[in-house]
*Asks:* 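One structure, as structure tokens, below. Some questions next.
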Amino acid sequence: MIRVLDPQYGMYVWPCAVVLAQYVWTQRGEIKHKTILELGAGVSLPGAVAAKCGATVILSDSAELPRCLDNCRRTCEANSLREVGVVGLTWGQVSPELIALPPLHVILGSDVFYEPDDFEGVLVTVTFLLRRSPGVQFWTTYQERSADWSIEALLHKWRLSCRLVPLDSFGAQSSQIGRSTLPGSHVVQMMVITAQEPEQEAPL
């Protein structure tokens, strides 16, 4: 069967979003009253769950994709999330909107490692935010699509550390989470990415 997709991927709920939303839910006690940014939010499921858990949430998608930003706003309206902000951020660009963001505690990213051409742009944006807010973590899920696609070299380049989170540690190992049919048979991984500590110069 041929699958025809809108080129603006943010118009769909993807398997990774359900897994990340489940992780957010299990961390609800930790994120209450914390400030959270979702990158590439699209329909914004993880961000909406975080907001319902009491976090201060900012949803973002590409400044070049107004339909996706409108979708973020519709999600807020449908879920009565009037305090949630929506901002256009293009990965890899240090824009005035990026600089104007408040200090963060958590960054969310569901399936942002979809197009290999975008991988470094995502990590440039994430690195900027991690360096600016010490202690912040990037919670991200990705779907395994090709054995040839990897962010390992980019993590090393940008001095980032990555920890895999087993799906069964937060109840996401099932092919159906909650009342959805997702993630289905797709292989999804959950990662926590943080900034590496600066290297200390050896004493003379």
*Asks:* Got a salt bridge between Asp70 and Arg73, using NZ or NE/NH1/NH2 to carboxylate O under 4.0 Å?
*Replies:*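 Here Asp70 pairs with Arg73 in a salt bridge, since their nearest N and O are under 4.0 Å apart.
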
*Asks:* Kindly determine whether Val57 and Leu81 satisfy side-chain contact (heavy atoms from CB on, under 4.5 Å), including the steps that lead there.
*Replies:* CA-CA 9 Å; Val57 175; Leu81 300 174; over 6 Å; no

*Asks:* When hydrophobic residues are tied together by side-chain contacts of less than 4.5 Å, even through go-betweens, does Leu104 share a cluster with Val94?
*Replies:* yes

*Asks:* Under the criterion salt bridge (charged side-chain N to carboxylate O under 4.0 Å, His left out), I'd like the reasoning laid out for Arg67 against Asp61: C-alpha separation, chi angles, the key distance, then a yes or no.
*Replies:* CA-CA 10 Å; Arg67 289 180 63 197; Asp61 214 308; over 6 Å; no

*Asks:* Walk me through whether Gln93 and Trp91 qualify under side chain to side chain donor-acceptor pair (under 3.5 Å).
*Replies:* CA-CA 6 Å; Gln93 296 182 11; Trp91 298 333; over 6 Å; no

*Asks:* Counting only N and O atoms by type, is there a donor-acceptor contact under 3.5 Å from the side chain of Gln196 to the main-chain atoms of Leu160?
*Replies:*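 A pair under 3.5 Å: yes.
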
*Asks:* Look only at the side chain of Lys52 and the backbone of Asn79, and say whether a donor-acceptor pair between them is shorter than 3.5 Å.
*Replies:*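 Here the side-chain-to-backbone pair exists.
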
*Asks:* Can you give me the closest heavy-atom contact between Pro15 and Gln143, atom names plus distance?
*Replies:*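 Between these two residues, the closest heavy atoms are CG-OE1, 3.9 Å.
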
*Asks:* To the nearest 0.5 Å, how far apart are CG in Asp168 and OG in Ser174?
*Replies:* 12.0 Å

*Asks:* Okay, side chain of His105, backbone of Lys34: is any donor-acceptor separation there less than 3.5 Å?
*Replies:*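 No: the side chain of His105 does not pair with the backbone of Lys34.
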
*Asks:* Do Ile151 and Tyr114 share a hydrophobic cluster, counting only Ile, Leu, Val, Met, Phe, Trp and Tyr and linking them when any side-chain heavy atoms are less than 4.5 Å apart?
*Replies:* no

*Asks:* Between Glu38 (side chain) and Leu108 (backbone), is there a donor-acceptor pair under 3.5 Å?
*Replies:*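 Pair absent, no side-chain N/O of Glu38 close to backbone of Leu108.
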
*Asks:* For residues Thr141 and Cys16, report the shortest heavy-atom separation together with the two atoms involved.
*Replies:* OG1-O, 3.0 Å

*Asks:* Test your reading of the model: is there a side-chain donor-acceptor pair from Arg163 to the backbone of Thr194, 3.5 Å cut-off?
*Replies:* no

*Asks:* Which pair of non-hydrogen atoms, one from Ser62 and one from Leu69, has the smallest distance, and what is that distance?
*Replies:*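 Minimum heavy-atom separation between Ser62 and Leu69: O-CD1, 3.7 Å.
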
*Asks:* Give a yes or no on whether Val136 and Leu155 share a hydrophobic cluster (residues Ile, Leu, Val, Met, Phe, Trp, Tyr; joining criterion: side-chain heavy atoms under 4.5 Å apart).
*Replies:* yes

*Asks:* Between Ser169 (side chain only) and Pro166 (backbone N and O only), is there a donor and an acceptor less than 3.5 Å apart?
*Replies:* yes

*Asks:* Do Ser161 and Val192 have side-chain heavy atoms sitting under 4.5 Å apart?
*Replies:*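 No - every pair of side-chain heavy atoms lies 4.5 Å or more apart.
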
*Asks:* Might you point out which heavy atoms bring Leu45 and Ala17 nearest each other, and give the distance in Å?
*Replies:*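 Closest approach of Leu45 to Ala17: CD2-O, 3.9 Å.
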
*Asks:* Return the OG to OH distance between Ser110 and Tyr142, rounded to the nearest 0.5 Å.
*Replies:*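 Here the interatomic distance stands at 13.5 Å.
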
*Asks:* Taking side chain as C-beta onward, heavy atoms only, is Met191 less than 4.5 Å from Val165?
*Replies:* no

*Asks:* Tell me whether Leu123 is reachable from Ile99 by hopping between hydrophobic residues (I, L, V, M, F, W, Y) whose side-chain heavy atoms are closer than 4.5 Å.
*Replies:*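 Cluster IDs for Ile99 and Leu123 match.
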
*Asks:* Would you say the side chain of Thr127 lies within less than 4.5 Å of the side chain of Phe138, judging by non-hydrogen atoms?
*Replies:*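 No, too far: nothing below the 4.5 Å cut-off.
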
*Asks:* I'd like to know if the side chain of Ser133 reaches the main chain of Leu130, judged simply by a donor and an acceptor atom lying under 3.5 Å from each other, with no hydrogens or angles considered.
*Replies:* no

*Asks:* Charged N to carboxylate O under 4.0 angstrom, Glu120 versus Lys157?
*Replies:* yes

*Asks:* Walk me through whether Leu89 and Ser95 qualify under side-chain contact (heavy atoms from CB on, under 4.5 Å).
*Replies:* CA-CA 7 Å; Leu89 298 177; Ser95 62; 4.1 Å; yes

*Asks:* Supply the atom-to-atom distance Ser60 OG to Ile107 CD1, rounded to the nearest 0.5 angstrom.
*Replies:*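 If I round to the nearest 0.5 Å, the distance is 9.5 Å.
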
*Asks:* To the nearest 0.5 Å, how far apart are CG in Leu98 and CG in Leu129?
*Replies:*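 The CG atom of Leu129 is 5.0 Å from CG of Leu98, to the nearest 0.5 Å.
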
*Asks:* Mind checking the CD-OG1 spacing from Gln189 to Thr140? Nearest 0.5 Å is all I need.
*Replies:* 11.5 Å

*Asks:* So, taking the atom named SG in Cys53 and the one named CD1 in Ile36, what distance separates them when rounded to the nearest 0.5 Å?
*Replies:* 8.5 Å

*Asks:* Can any side-chain N or O of Glu144 pair as donor or acceptor with the backbone N or O of Val188 at less than 3.5 Å?
*Replies:*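 A pair under 3.5 Å: no.
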
*Asks:* Test Arg145 against Asp111 for side-chain contact (heavy atoms from CB on, under 4.5 Å), laying out the working first.
*Replies:* CA-CA 11 Å; Arg145 295 184 173 89; Asp111 217 4; 2.7 Å; yes

*Asks:* Val112 and Leu39: which non-hydrogen atoms are nearest, and at how many Å?
*Replies:* CG1-O, 3.8 Å

*Asks:* Could you tell me whether Gln173 atom CD has more than 12 heavy atoms of other residues or ligands within 6.0 Å of it?
*Replies:* yes

*Asks:* Examine distances only and state if a side-chain atom of Ser44 and a backbone atom of Gly42 form a donor-acceptor pair shorter than 3.5 Å.
*Replies:* yes

*Asks:* Assigning hydrophobic clusters by single linkage (Ile, Leu, Val, Met, Phe, Trp, Tyr; side-chain heavy-atom cutoff under 4.5 Å), is Val84 placed with Leu37?
*Replies:* no

*Asks:* The criterion is ring-ring contact (aromatic ring centres under 6.0 Å, His included); which residues satisfy it with Phe119, sequence neighbours excluded?
*Replies:*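 Result, ring-ring contact (aromatic ring centres under 6.0 Å, His included) vs Phe119: Phe113.
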
*Asks:* Quick check: closest heavy atoms across Ala100 and Arg132, and the distance to 0.1 Å?
*Replies:*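 Shortest heavy-atom contact: N-NH1, 4.5 Å.
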
*Asks:* Are a donor atom and an acceptor atom from the side chains of Trp25 and Gln27 found within less than 3.5 Å of each other?
*Replies:* no

*Asks:* Take Leu59 and Cys76 through the test side-chain contact (heavy atoms from CB on, under 4.5 Å) and record every step on the way to the result.
*Replies:* CA-CA 9 Å; Leu59 303 175; Cys76 293; 3.6 Å; yes

*Asks:* Under 4.5 Å between any side-chain heavy atoms of Arg74 and Asn71, yes or no?
*Replies:* yes

*Asks:* Checking the side chain of Thr75 only, and the main-chain atoms of Val43 only, is there a donor and an acceptor separated by less than 3.5 Å?
*Replies:*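 Yes, because the side chain of Thr75 sits within donor-acceptor range (under 3.5 Å) of the backbone of Val43.
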
*Asks:* Does a sphere of radius 6.0 Å around CD in Glu152 hold more than 12 heavy atoms from other residues, nucleotides or ligands, not counting ones at 6.0 Å or beyond?
*Replies:* no

